Protein chains: 2
Amino acid sequence: MRILEPEPREAAAFINTNRRRGLIAIFCICGGTYRGRAAAELPVAPYLVVIKPDGTLLVHGSEKATPLVWNPPGSSNMAVLEGGTLLLKSLRPRPSESVVLKMERVLEIALFDAGSSSVRLRGTERDLVDFLVKNMEVVEPGLDVVGVEVPTEAGHIDILAVDGAGEYVVVEVKRDVADHEAVFQLRRYVEAVAKARGRARGILVASDITSSAFHYLREYNLKFVKVKPGELMEKLLNKSSCESSSTDMRR
Amino acid sequence: MRILEPEPREAAAFINTNRRRGLIAIFCICGGTYRGRAAAELPVAPYLVVIKPDGTLLVHGSEKATPLVWNPPGSSNMAVLEGGTLLLKSLRPRPSESVVLKMERVLEIALFDAGSSSVRLRGTERDLVDFLVKNMEVVEPGLDVVGVEVPTEAGHIDILAVDGAGEYVVVEVKRDVADHEAVFQLRRYVEAVAKARGRARGILVASDITSSAFHYLREYNLKFVKVKPGELMEKLLNKSSCESSSTDMRR
DNA sequence: GGATGGATGTCGAAA
DNA sequence: TTTCGACGTCCATCC
């Protein structure tokens, strides 16, 4: 369902009738403002405006993946006429933020009954953690897993293990290049475990590491283990929809 | 310029001809895959596909602000026919990632000559830092600014100052709620300054602070200063396009 | 191109 | 609701 070059009144009615029914795409020339935690002015130019039934508002220009201005799901979007011109007002309740678009010209409004669907992402950090828990020898031989996502006062530990000598081993996992933030994170966890449970050391597992991260790693006497995420991806894609076999290696 | 219910061949020609000329919006029913650092399958359903002249590819469903799958600016997007069906292939060079969409049905393809424009955002952390540098008494009376965005081995310090006693004061600024990461960040900076320059202390400036962040703040003997970002916003919006007056308070 | 940190980040999970 | 951390984060900036 679409209208080409609609009159303001017609466009307003269309938007208000259908804003909860499907995805509305508006090709238009408009200016606008964003007010909220920050503030921005949108110069008058051609944009693609998208209104989703969940309240999402997106205003896209011809560049970048990120919208120029937007409001997230849960916002209230409404078309109003003001002195014959069409205004599109979007209000996000908390934090209170508004996007107001003033339409100079509407080229097309289209309604599209997009079904809701989601994608399942594979190869995330969580997948990597799950793999490592089942293959701890990749991290270091002789480790026994104590827990995954173990809460401490400093945050959640990806993997907590114990080595043959009974010392705690904190494993922090990054799916791509680990920077110094990751090292500081690991250092905090090791400190927290040492304080709460006893002697502990740390291992950073990642596909790579920045030079400054490596510098700090040595300074704090932490260990780095390099993993190829590509190999994990292959394993994940091959096994596809096969549930976890419980008859599994436990060391 | 638009085509309704185009034939695959027609759609492919349209896309390949215009993909660098303007913003292309495709209303379609398609399935797809993403392969790269991670992997995902897009189930066959209605989507809004956007191709931007800078190479950006977005596939939006009816929910959420984030696209279901995408490729960022700099990607190469191409339409190909394979056995009579239309494939849209997007290749991001580095890291190597691909999105492939298989069109079951194309309802509409529209080309929109969106001019490139950007928005200037006000009320960012940088704005807050600039304000504080000119009004250091808000942070603490008697501070002299040494530098802004001062590089250390631990990262960039938002504001480095000296107090009346000659002690260095590291100021870390957050535009909204500061969490414990911000506290750890500040702690690192203070340590780095203490090591490189001499005795130092730290002040965290934010609109609010989480309870655990406050806990660590006290543990590390750091100070918290609360600022109302709303007041800054008003000042920023009022002065509008007024350049910085150099006749200014230096204490 | 790598490194670093902000963002109206967004999003999901857990407490 | 708040807090917390990942994200295919994206993005500008600086080196």
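Letters go in sequence order (proteins before strands), and every chain restarts at 1. Values in this document were obtained by computation on a predicted structure and should not be read as measured data. The figures that follow rest on heavy atoms only: side chains count, while hydrogens, waters and symmetry mates do not.
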Say you draw a straight line from CD1 of Ile203(B) to CG of Leu186(B); how long is it, rounded to the nearest 0.5 Å? 9.0 Å
Rounded to the nearest Å, what distance is computed from the CG atom of residue Leu57(B) to the P atom of nucleotide dC10(D)? 13 Å
Side-chain donor/acceptor of Arg19(B) to backbone N/O of Pro53(B), under 3.5 Å: no
Expressed in angstrom and rounded to an integer, what is the separation of Leu58(B) atom CG from dT10(C) atom P? 16 Å
Output yes when Glu191(B) and Arg187(B) qualify as a salt bridge under the 4.0 Å nitrogen-oxygen rule, no when they do not. yes
Toward the 5' end of DNA chain C, by each residue's nearest nucleotide, Ala39(A) or Pro151(A): Ala39(A)
Let me confirm one number: the CD1-CG distance from Ile51(B) to Leu101(B), rounded to the nearest 0.5 Å. 8.5 Å
Any Arg35(A) side-chain N or O less than 4.0 Å from OP1/OP2 of dT8(C): no
Between dC11(C), dC11(D), dT8(C), spot the one nearest the side chain of Ala65(A), thanks. dC11(D)
Check: Lys174(B) side chain, Val205(B) main-chain N or O, donor-acceptor pair, under 3.5 Å: no
Aromatic ring proximity Phe224(B)/Phe214(B), centre distance under 6.0 Å: no
Mind jotting down which residue pairs meet the salt bridge (charged side-chain N to carboxylate O under 4.0 Å, His left out) criterion with at least one end in residues 150-160 of chain B? Sequence neighbours excluded, please. Glu153(B)-Lys195(B)
For nucleotides 1-7 of chain C, give me one character per nucleotide, 5' to 3': B if any protein heavy atom sits under 4.0 Å from the base, S if the only such contacts are to the sugar-phosphate, - if neither. S-SSSSS
Given the rule that a pair is Watson-Crick or G-U wobble with both distances under 3.5 Å, how would you write DNA chain C in dot-bracket, using | for pairs to a different strand? |||||||.|||||||
Under 4.0 Å: is that the gap between some side-chain N or O of Thr66(A) and OP1 or OP2 of dC10(D)? no
Whole-Å distance, Arg120(A) CZ to dG12(C) P, equals 15 Å
If you measure from the C1' atom in dA7(C) to the same atom in dC11(C), how many Å do you get, rounded? 14 Å
Would you classify Asn71(A) as touching base, sugar-phosphate or nothing, given that sugar-phosphate means primed atoms plus P, OP1 and OP2, and contacts are heavy atoms under 4.0 Å? nothing
Measure the distance from CG on Asp176(B) to P on dT8(C) and round it to the nearest whole Å. 10 Å
Using whole Å, report how far CG of Leu91(B) lies from C1' of dG8(D). 14 Å
Tyr34(B) side chain to Glu97(B) side chain, donor-acceptor N/O pair below 3.5 angstrom: yes
Will you find, in the side chains of Ser90(B) and Asn77(B), an N or O donor that is under 3.5 Å from an N or O acceptor? yes
In this structure, how many angstroms lie between the C1' atom of dC7(D) and the CG atom of Leu128(A), rounded? 14 Å
